[in-house]
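What follows is one structure encoded as structure tokens, with my remarks underneath.
The analysis underlying the following values was restricted to heavy atoms, covering all of them including side chains, and did not include hydrogens, waters or symmetry mates.
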Amino acid sequence: MKVKITSSKTVKPVYDGGVAPNLSESVPLNVFDRVTYDVHVAVIYAFRPPNPPNATLEQGLAKALAVYREWAGQLGDGPDGKPALLLTDRGARFVEACVDAPLARSMPLIKPSPELLRLHPSIDGPAEKPLVQVQLTRFACGSLVVGFTAHHRVADGQATSSFLVAWGLASRGMPVGPLPVCDRAVRFRPRDPPLVEFPHRGAEYHHLPATKQRGDDDDDVLIGGVAHDKIKVHKVHFTKDFVARLKARASSSSRRGGYSTFESVVGHLWRAITAARGLGAGEPTRLRISVNGRGRMRPPVPRDYFGNLVLWAFPVSDAGDLVSRPVGHAAGLIHRAVARVDDAYFRSFVDFASSGAVEAEGLAPTADESQVVLCPDLEVDSWLGINFYDLDFGAGCPFYFMPSYLPMEGTMFLLPSFLGDGGVEAYVSLFEGHLEEFKKICYHIA
């Protein structure tokens, strides 16, 4: 697939009335922003023709950035010297590209591959790159692929999806609504006196090993004798019928009335990947599961809160025990671990992260984007309940949505099936040898 870049420019916010706000303002990053991954995240959309012209999407982006000003700013230090979002209206990068072939012939979307990296601006390179980058790639058939990258320190998946929907509304000439709730600097205050009820060292924060400093380059390191280029990304499609049978099997031993789709599917994948890796009795394996705090904190945080509000659940099991017992056991471990990340846990984290212990002890977030291999552990990001599919520039919603190619061993992304059949798609990143074994067993329900 030959992608030709035809234009690259900066799109700045366009305000109603043409009056720009104060460009010297800044918004402090709060404890949830600072504990998450310090990296750009890329996603890819595909739209069937007819599609509006690029100029329409460019104008819509400028209007959406005026509502979500943080995306047009920069990461830096505020007046107090602490990490902040600088509202400089620097703007977003806007790239136009074309492919002289129909999308059906290229079809990099069907099978995850490095080809996907050509469909969005690079997420590597200088740290000062724009917080939002967009690439519009037109195919000979009229199809449009939108590659979107955004910095995770600005917003989590829930908030980013709201911005994308707002971009679509603005491109259609419609008012952006509901408006984002932008109060990250004051919403999460520590209690007085603080009450740290849970261990946050080893969960959200840890001491870096003396031989590993944040920012070290791992790309050329052999881990377990296996090179980084042996990591492959594989897409698994679970049909609605398969998910129903999986949930029934997982829930058959439950005393609580059944497990959710997420708990059943992740429990199944955890078991299958652990078996494919050849892990045995006496070897611990741990999941890292993103947990959205909006509906868990009391009172609930508005769904349209703009920023990061995610912590993690960490179910752990002996590998041999996990594989030898039915999927309901794994689903139960997941359910109980996620349930523990409740309002009390979120409040405890706020108190701990605001106490000065992180700075005094030199702690670093465990959300480490430089990790290449997670084995024997796994990390799960579920987009099952996020409205990424609601992006509409005026010609209808996308016919395909997916994460970009991320060969980080042990990562999993869960999405609703693009077929609209009620199924689930999982993007799984594993060593090539483990992946071949995984393919043999991933559709077996035990």
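- Ring-centre distance between F148 and H40: not below the 6.0 Å cut-off.
- Using a cutoff of 4.0 Å between basic side-chain nitrogens and carboxylate oxygens, K9 and E58 are scored as salt-bridged.
- When ring centroids are compared, F188 and F32 come within the 6.0 Å threshold.
- A donor atom on one side chain and an acceptor atom on the other are not found under 3.5 Å apart for T239 and D241.
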Practice prompt. Just do the side chain to side chain contact (heavy atoms under 4.5 Å, CB included) check on L75 and H151 with the steps written out, would you?
Written response: CA-CA 9 Å; L75 290 169; H151 203 289; 3.6 Å; yes
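- With no hydrogens or angles considered, no side-chain donor-acceptor pair links R172 and T56 at under 3.5 Å.
- Checked against the 6.0 Å centroid threshold, F306 and Y68 count as a close aromatic pair.
- A distance-only check finds no donor-acceptor pair linking the side chain of R34 to the backbone of P83 [under 3.5 Å].
- In this structure, a donor-acceptor pair under 3.5 Å is present between the side chains of E263 and H335.
- A salt bridge links E409 and R277; the closest N-O separation between the charged side-chain nitrogens and carboxylate oxygens is under 4.0 Å.
- Aromatic rings of F242 and H237 (six-membered ring for Trp) have centroids beyond the 6.0 Å cut-off, not under it.
- Aromatic rings from F352 and H200 are positioned such that their centres are separated by under 6.0 Å.
- When only modelled atom types and interatomic distance are considered, N51 and R138 share no side-chain donor-acceptor pair under 3.5 Å.
- Aromatic rings of F399 and F418 (six-membered ring for Trp) have centroids beyond the 6.0 Å cut-off, not under it.
- With hydrogens and angles left out, the side-chain atoms of H152 and N308 include a donor and acceptor closer than 3.5 Å.
- F401 pairs in a ring-ring contact (aromatic ring centres under 6.0 Å, His included) with only one of the listed residues (Y45, F413, Y427), which is Y45.
- Checking Q158 against T160 by side-chain atom types alone, no donor-acceptor pair falls below 3.5 Å.
- At a threshold of 4.0 Å, the pair R184-D33 counts as salt-bridged, since one of the basic side-chain nitrogens sits closer than that to a carboxylate oxygen.
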